2 protein chains.
Amino acid sequence: MQLDTFQVLADPTRRRIVEILASGEHAVGDLIDRAGVHQSGVSRHLRILGDAGFVTMRPDGTRRLYSLRPEPFRELAGWLDRYRALWDARLDRFAAAVERRERRRNRQ
Amino acid sequence: MQLDTFQVLADPTRRRIVEILASGEHAVGDLIDRAGVHQSGVSRHLRILGDAGFVTMRPDGTRRLYSLRPEPFRELAGWLDRYRALWDARLDRFAAAVERRERRRNRQ
DNA sequence: CCAAAATATACACCGTCGTGTATATACACG
DNA sequence: CGTGTATATACACGACGGTGTATATTTTGG
């Protein structure tokens, strides 16, 4: 219950749903065909996505329109930022310096 | 088996290990105390992290020194980038143009 | 009200993952 | 060699998550 951001994204079906929603608001029915899972599954995934703040819902007649929210993505970006020195090529010079420092430290 | 990037990060203990390794190379023994899990668990997590490209190992006597690799982080950054328009408040038309120019420059 | 459509929920099932205990393997050092 | 230390692996187990089927709930239109 109440999965965190990473756990939510760990499931491929949920990532697919997120990807579909990236193009805008969608009703549950629209998602069923493309998600590759039955209606109940889509509904459950949407609840999980909602609990984690990934989506909001807005009723429209008997349909429910779901759309993405920015917060979890920002959270993910924040997490990734703590490792930016490690992977961002534009920080190469800094990374190289760290690397050299490390190597020197290990040599002792 | 062979978990993808998100599945690897879904486990809190593994995230903990990644966080520790962010400060540099560590032997397995160093990780045990701080990871909050037994030695066999740490070892298994390191194998999983290795399979997914998160870490490399370098033997040092009887010890094995693990350190982070950039690729999975870059992959994650790439994924997140597809949703940047959704969450990055700074992303206006001008920023997008700069972004594109950068991308072109880096490609060369 | 009532029937149909859209969505949510309850239930059972099964695979998978994380864990600890116990054991195997590799390496250094006498 | 043999002993101790560091790490990996085998095994069993419990918990949890994703799925489908069946059913409940909500809303619209007549």
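Residue numbers begin at 1 in each chain, while the letters A, B, ... track the order of the sequences. Given the structure is predicted, the values throughout are model-derived calculations rather than measurements.
Ion pairing between A/Asp4 and B/Arg15 holds under the 4.0 Å rule for side-chain N and carboxylate O.
C/dG30 and D/dC1 make up a base pair, with Watson-Crick or G-U wobble contacts both under 3.5 Å.
As rounded to whole Å, 13 Å separates atom C1' of C/dG15 from atom CD of B/Gln7. Rounded to whole Å, atom P of C/dT16 lies 22 Å from atom CZ of B/Phe6. The CD1-C1' distance, from B/Ile48 to C/dC17, rounds to 8 Å in whole Å. For the pair B/Arg14 CZ and C/dT16 C1', the interatomic distance rounds to 12 Å; values are reported in whole Å. Between the CG atom of A/Asp30 and the P atom of C/dA5 there is a distance of 17 Å, rounded to whole Å. In this structure, NE2 of B/His45 is placed 12 Å from C1' of C/dG20, rounded to the nearest angstrom. The distance between atom CZ of B/Arg47 and atom C1' of C/dT19, rounded to the nearest whole Å, is 14 Å. Separating the CG atom of B/Asp11 from the C1' atom of D/dG17 is a distance of 14 Å, rounded to the nearest angstrom.
Here the nucleotide nearest the side chain of B/His38, chosen from D/dT19, C/dT21, C/dG18, is C/dT21. Comparing C/dC11, C/dT19, C/dT7 by their nearest atom to the side chain of A/Arg63 picks out C/dT7.
The side-chain contact (heavy atoms from CB on, under 4.5 Å) check on B/Asp33 picks up nothing, with sequence neighbours excluded. With sequence neighbours left out, the salt bridge (Lys or Arg N to Asp or Glu O under 4.0 Å) criterion links A/Arg58 to A/Glu25. The side-chain contact (heavy atoms from CB on, under 4.5 Å) test applied to B/Val37 returns B/Thr13, B/Ala35, B/Val42, not counting sequence neighbours. For the side-chain contact (heavy atoms from CB on, under 4.5 Å) test, no residue two or more places apart in sequence or in another chain qualifies with B/Thr62. With sequence neighbours excluded, no residue forms a salt bridge (Lys or Arg N to Asp or Glu O under 4.0 Å) with B/Arg44.
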Can A/Arg63 and A/Asp30 be said to form a salt bridge (Lys or Arg N to Asp or Glu O under 4.0 Å), step by step? CA-CA 10 Å; A/Arg63 301 185 309 162; A/Asp30 288 351; 5.1 Å; no

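The residue B/Val37 sits close only to the backbone: its heavy atoms come under 4.0 Å of sugar-phosphate atoms, none of a base. Counting non-hydrogen atoms under 4.0 angstrom, A/Leu3 reaches the backbone sugars and phosphates but no base. B/Arg44 comes within contact range of at least one nucleobase, with a heavy-atom separation under 4.0 Å. Nucleic acid contact for A/Met57: none, since no nucleic acid atom lies under 4.0 Å from a heavy atom of the residue. Backbone-only engagement by A/Gly29 is indicated by non-hydrogen atom pairs under 4.0 Å involving sugar-phosphate atoms exclusively.
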I'd like a table of atom pairs between the protein and nucleotides 22-28 of chain C - only N or O on both sides, under 3.5 Å - with the distance next to each one.
none

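With B/Gln2 as the fixed residue, the side-chain contact (heavy atoms from CB on, under 4.5 Å) test singles out one of B/Val8, B/Ile48, B/Asp51: B/Asp51.
Phosphate proximity of C/dA6 to A/Tyr66: absent, as no side-chain N or O sits under 4.0 Å from OP1 or OP2.
If you find the closest nucleotide of DNA chain D to B/Val42 and to A/Thr13, the one lying nearer the 5' end belongs to B/Val42.
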